[in-house]
Amino acid sequence: MTTAPIAARLRRATTARMSPRRRRGVQRNLTAYGFLCGALICFAIFSWYPIVREVLLSFQKTNFVGAPTWVGLDNFTTVIADPVFNDAWLNTAAFTLLALVVGYAVPFVIAIVLNELRHARAYLRFVVYLPVMLPPAAAVLLFKWFYDPGPGLFNQILHAAQLPGLSWLDSTDTALISLVLVSTWMNLGSGTLIYLAALQTIPGELYEAAELDGAGLFRRIRHITIPQTRLILLVMLLLQIIATMQVFIEPYLLTGGGPEDSTVTVAYLMYQYAFNFNNFGGGGALGLMLMLVLMVFSAIYLRVSREEAR
């Protein structure tokens, strides 16, 4: 709302003594820079400032009422000494690995199937992408009913198949994989469409030549599809690691970290420290640790993206 008047004043002041051609170029650029300043201000307020504030908070003790006091590394010592700290990191790592096993390959396989189909492509793409359009909280609560040990859909299907029901969210053996299934279903559509777009950039002549040589579907996938999409596969791998390591909404709404802390993740433990234990410094310390780990994968992602752009 305010960037246009600012750009107009800057334009009038700067272009008063310029040649007409140069004046027009400066006018266009100043208008663009005016709108860019608005975006930068939004990023500074809602993205960069919270990051800086969290770093400072991790070395402070505060209740946001009185003045904060510097405590050095005490917050880090407190959270590391917490018995749940190691469990949170192990659960986060296990969730990430399970999500890669289940959620990384499935979208790629579905994309290959959709790419091979000749009919109902648009309809099937809509069906696959539909879960992404649901609010995450609504999707998680829907699965909470599916997992209900009594009238839940999944146990009703097992009973119909003459199989015993499972305590999906109440057992340490199945709780974490249950969260992985929810996360995979919610994010399936985005990955599938990205893979599908990558598959459609592969020249059709390669597949035609392979078919003339007698290559079947699996040989075409092995020798053409995967080599031609290896960079996007690597990029999606890194993005999925970054996303799944920040898992919060699934344990928060489905299990509350239970049973027996088997689904407590780093992000959920950070929430507990800040809002349940009223230890905002401890929550900031956990957030800083997680941010440093994610920065490593982000740096690898940026390097791979640069290579792909070349």
Within the side chain of Ser58, is there an N or O that forms a donor-acceptor pair under 3.5 Å with the backbone of Val55?
yes

Do you know the tightest heavy-atom contact between Pro68 and Gln60?
CB-OE1, 3.7 Å

Would Ile51 and Met291 count as a side-chain contact (heavy atoms from CB on, under 4.5 Å) here? Give the steps.
CA-CA 9 Å; Ile51 293 174; Met291 184 177 70; 3.9 Å; yes

Should Tyr268 and Leu90 be counted in the same cluster of Ile, Leu, Val, Met, Phe, Trp and Tyr side chains packed under 4.5 Å apart?
no

Kindly state whether the ring of Phe146 and the ring of Phe143 have centres lying under 6.0 angstrom apart.
yes

With a cut-off of 6.0 Å (strictly less than), are more than 12 heavy atoms of other residues, nucleotides or ligands near OH of Tyr271?
yes

For a quick test of reading the model, state the closest non-hydrogen atom pair linking Val140 to Met186 and the distance between them.
CG2-SD, 3.9 Å

If you count every heavy atom of other residues, nucleotides or ligands that lies below 6.0 Å from Phe218 atom CZ, does the total exceed 12?
no

Residues Leu237, Tyr301; criterion side-chain contact (heavy atoms from CB on, under 4.5 Å); working and verdict:
CA-CA 9 Å; Leu237 174 66; Tyr301 165 72; over 6 Å; no

When you compare the side chain of Asp148 with that of Pro151, does any pair of heavy atoms fall below 4.5 Å?
yes

Spacing of OG1 belonging to Thr62 relative to CZ belonging to Phe280, to within rounding of 0.5 Å
8.0 Å

Spacing of CG belonging to Leu254 relative to OH belonging to Tyr147, to within rounding of 0.5 Å:
7.5 Å

Ignoring hydrogens, what is the shortest heavy-atom contact between His159 and Pro164? Give both atom names and the distance.
CE1-C, 4.4 Å

Without swapping roles, check the side chain of Thr263 against the backbone of Pro251 for a donor-acceptor pair under 3.5 Å.
no

Of the non-hydrogen atoms in Phe108 and Leu199, which two are nearest, and what is the gap between them?
CE1-CD2, 4.4 Å

Working note: Asn115 + Tyr195, criterion side-chain hydrogen bond (donor to acceptor under 3.5 Å, both in side chains); need CA distance, chi angles, decisive distance, verdict.
CA-CA 10 Å; Asn115 194 51; Tyr195 288 137; over 6 Å; no

Between Asn155 and Trp168, do the side chains contain a donor N or O and an acceptor N or O under 3.5 Å apart?
yes

Does some side-chain heavy atom of Leu130 sit less than 4.5 Å from a side-chain heavy atom of Phe126?
yes

Partners passing side chain to side chain contact (heavy atoms under 4.5 Å, CB included) against Glu211 (at least two apart in sequence or in another chain):
Arg220

For Ala210 and Ile224, work out which heavy atoms get closest and say how close.
CB-CD1, 3.6 Å

Contact summary for Val247 and Glu250, nearest pair of heavy atoms:
CG2-OE1, 3.1 Å

Straight-line distance of Leu179 CG to Ile249 CD1, nearest 0.5 Å
11.5 Å

Within the structure provided, determine whether Met289 and Leu292 are in side-chain contact (heavy-atom separation under 4.5 Å).
no

Membership question, hydrophobic clusters at under 4.5 Å side-chain separation (ILVMFWY): are Val127 and Leu114 in the same one?
yes

Enter the distance from Asn63:CG to Asn279:CG here, rounded to the nearest 0.5 Å.
11.0 Å

For side-chain contact (heavy atoms from CB on, under 4.5 Å), just list the numbers for Phe154 and Leu166, CA-CA rounded to whole Å, side-chain angles, deciding distance to a tenth of an Å, and then say yes or no.
CA-CA 9 Å; Phe154 292 157; Leu166 297 176; over 6 Å; no

Is the side chain of Thr172 donor-acceptor paired with the backbone N or O of Ser262 at a distance under 3.5 Å, no angle test?
no

Can you find a heavy atom in the side chain of Val109 that is under 4.5 Å from one in the side chain of Ile112?
no

Checking Gln156 side chain against Gly150 main chain: does a donor-acceptor pair fall under 3.5 Å?
yes

How many angstroms lie between OH in Tyr129 and CG in Leu193, if you round to the nearest 0.5 Å?
7.0 Å

Does any part of the side chain of Phe248, heavy atoms only, come nearer than 4.5 Å to the side chain of Met270, both counted from C-beta?
no

Keeping Asn75 on the side-chain end and Thr78 on the backbone end, is there a donor-acceptor pair under 3.5 Å?
no

Counting only N and O atoms by type, is there a donor-acceptor contact under 3.5 Å from the side chain of Ser171 to the main-chain atoms of Ser167?
no

Using a 6.0 Å cut-off, check whether atom CZ of Phe277 has over 12 heavy atoms from anything other than its own residue.
yes

Around atom CZ of Arg53, are there more than 12 heavy atoms of other residues, nucleotides or ligands at under 6.0 Å?
yes

Donor-acceptor under 3.5 Å (Gln240 side chain, Ala99 main chain):
yes

Checking the side chain of Arg230 only, and the main-chain atoms of Pro227 only, is there a donor and an acceptor separated by less than 3.5 Å?
yes

Output all residues satisfying side chain to side chain contact (heavy atoms under 4.5 Å, CB included) with Thr92, sequence neighbours left out; order by chain, then residue number.
Thr96, Met245, Thr265, Val266

Any side-chain heavy-atom pair from Trp89 and Leu290 closer than 4.5 angstrom?
yes

Quick check for you: to the nearest 0.5 Å, what is the distance between Ile157 atom CD1 and Leu163 atom CG?
11.0 Å

Out of curiosity, does Tyr252 fall in the hydrophobic cluster containing Leu141 (side-chain heavy atoms, cut-off under 4.5 Å, transitive links)?
no

Can you confirm if the aromatic rings of Phe59 and Phe76 lie within a centre distance of less than 6.0 Å?
yes

Quick one: does Thr201's side chain have a donor or acceptor within less than 3.5 Å of a partner on Ala198's backbone?
yes

Taking only residues two or more places apart in sequence, or in another chain, which ones meet Ile194 in a side chain to side chain contact (heavy atoms under 4.5 Å, CB included)?
Ile232, Met236

Single-linkage hydrophobic cluster Leu153~Leu253, side-chain heavy atoms < 4.5 angstrom:
yes

For Asp261, is there any backbone N or O sitting under 3.5 Å from a side-chain donor or acceptor partner on Asn91?
yes

Quick check on the hydrophobic clustering: are Leu206 and Leu212 connected, directly or via other members, by side-chain heavy-atom contacts under 4.5 Å?
no

Assess, by modelled atom type and distance only, whether the side chains of Tyr273 and Asn278 contain a donor and an acceptor separated by less than 3.5 Å.
no

